[in-house]
Amino acid sequence: MTEQPGHLAKEDTACCRHHHRHYPGSCGDEPESPRERVNRRWNEVLQETRVTQTGVQILFGFLLSVAFTPLFRELETVDRVIYVLTVVLGAAATGSLIAPVSIHRFLSGQRMKNEVVEAACRLMMCGIVLLALTIGCTLLLILRFVVPGVLAEVLVGGVMLWFGLCWYVLPLRLRRRAAQRSRPGDAQHS
């Protein structure tokens, strides 16, 4: 494993600095040591990676198979452009979501676990954005065949808005609330 010396793992950096300093659910137990915190964060990244990798790999496999179907030859130019964009986004999402594994493999044993966790966190966020865009483009491509007129674009816009709310707005709002609760004096003045 890539361990981080205690004196170098003092603070979490930009991407994940808002993680709580206690293990979730500890409610007053002893605070985590820097080593425990980086190990917990690494395990969390691994679990998140497993979930997102599976989804993006299934979607990417589906996208690659579409080009070999008889209907693909009948696609209009706009739909081919959407397809190419979707495949490129899917490949980029796959790369971002698998990169933490490669980074860990290359840096294992180098005492850089905190840096590995931070890089993995950033790549996961990038991969999640790319995955949302891939799903949106896939929906657009499919719905353009099924739904008449601009309804396809409206439906895709609604789904993308939902993703934005669930995947970005809600977590940021929850993080802000937790930060306000942890500063009782500041919360009263807000």
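Just so it is clear, the model here is predicted, and its values are computed rather than measured.
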Fill in: Evaluation steps, side chain to side chain contact (heavy atoms under 4.5 Å, CB included), between L97 and M124
CA-CA 6 Å; L97 295 172; M124 288 289 297; 3.8 Å; yes
Identify every side-chain donor-acceptor pair in residues 134-153 under 3.5 Å, counting partners at least two apart or on other chains, and give the distances.
residue: T134; atom: OG1; partner: L89; partner atom: O; Å: 3.3
residue: T134; atom: OG1; partner: G90; partner atom: N; Å: 3.2
residue: T134; atom: OG1; partner: L130; partner atom: O; Å: 2.7
residue: T138; atom: OG1; partner: T134; partner atom: O; Å: 2.7
residue: R144; atom: NE; partner: D79; partner atom: OD1; Å: 2.5
residue: R144; atom: NH2; partner: D79; partner atom: OD1; Å: 3.3

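Note on V87 and V156: same hydrophobic cluster, where clusters join Ile, Leu, Val, Met, Phe, Trp and Tyr whose side-chain heavy atoms are under 4.5 Å apart, directly or indirectly. Under the 4.5 Å side-chain heavy-atom criterion for Ile, Leu, Val, Met, Phe, Trp and Tyr, F60 and I98 are members of distinct hydrophobic clusters. Both W162 and W167 belong to a common hydrophobic cluster when Ile, Leu, Val, Met, Phe, Trp and Tyr are linked at side-chain heavy-atom distances under 4.5 angstrom. Under the 4.5 Å side-chain contact rule for hydrophobic residues, V101 and L123 do not share a cluster. Residues M160 and L59 share a hydrophobic cluster, clusters being chains of Ile/Leu/Val/Met/Phe/Trp/Tyr side chains in contact below 4.5 Å.
Remark: the backbone N or O of A99 is not paired with any side-chain donor or acceptor of S102 at under 3.5 angstrom. Between the E74 side chain and the L71 main chain, no donor and acceptor come within less than 3.5 Å of each other. At distances below 3.5 Å, not a single donor-acceptor pair connects side-chain atoms of S108 with backbone N or O atoms of R105. One N or O on the side chain of S182 and one on the backbone of A179 form a donor-acceptor pair closer than 3.5 Å.
Each of V51, I58, V56 was scored for a side chain to side chain contact (heavy atoms under 4.5 Å, CB included) with T54, with one residue passing: I58. For the side chain to side chain contact (heavy atoms under 4.5 Å, CB included) test with T86, the passing option among L133, L63, V66 is L63; the others fail.
Taking CD of Q53 as the reference point, atom CG of L46 lies at 9.5 Å (rounded to 0.5 Å). Note that CD of E118 and CD1 of I103 are 11.5 Å apart. Values are rounded to the nearest 0.5 Å. For the atom pair SG (C121) and CD (E48), the distance works out to 7.5 Å, reported to the nearest 0.5 Å.
The nearest pair of heavy atoms linking G127 to A93 is O-CB, 4.0 Å.
Side-chain contact between N114 and R41: present, with at least one pair of heavy atoms (C-beta onward) separated by less than 4.5 Å. Residues M125 and Y168 are in side-chain contact: their nearest non-hydrogen atoms beyond the backbone lie under 4.5 Å apart.
As a member of the Ile/Leu/Val/Met/Phe/Trp/Tyr network built from side-chain separations under 4.5 Å, L174 groups with L170.
With salt bridges taken as basic N to acidic carboxylate O contacts below 4.0 Å, none links E36 and R40.
In this pair, F72 and Y83 present their aromatic rings perpendicular. The plane angle is above 60°, beyond the 30 to 60° band.
With a 6.0 Å radius and a threshold of 12 heavy atoms from other residues, nucleotides or ligands, R80 has its CZ atom above the threshold.
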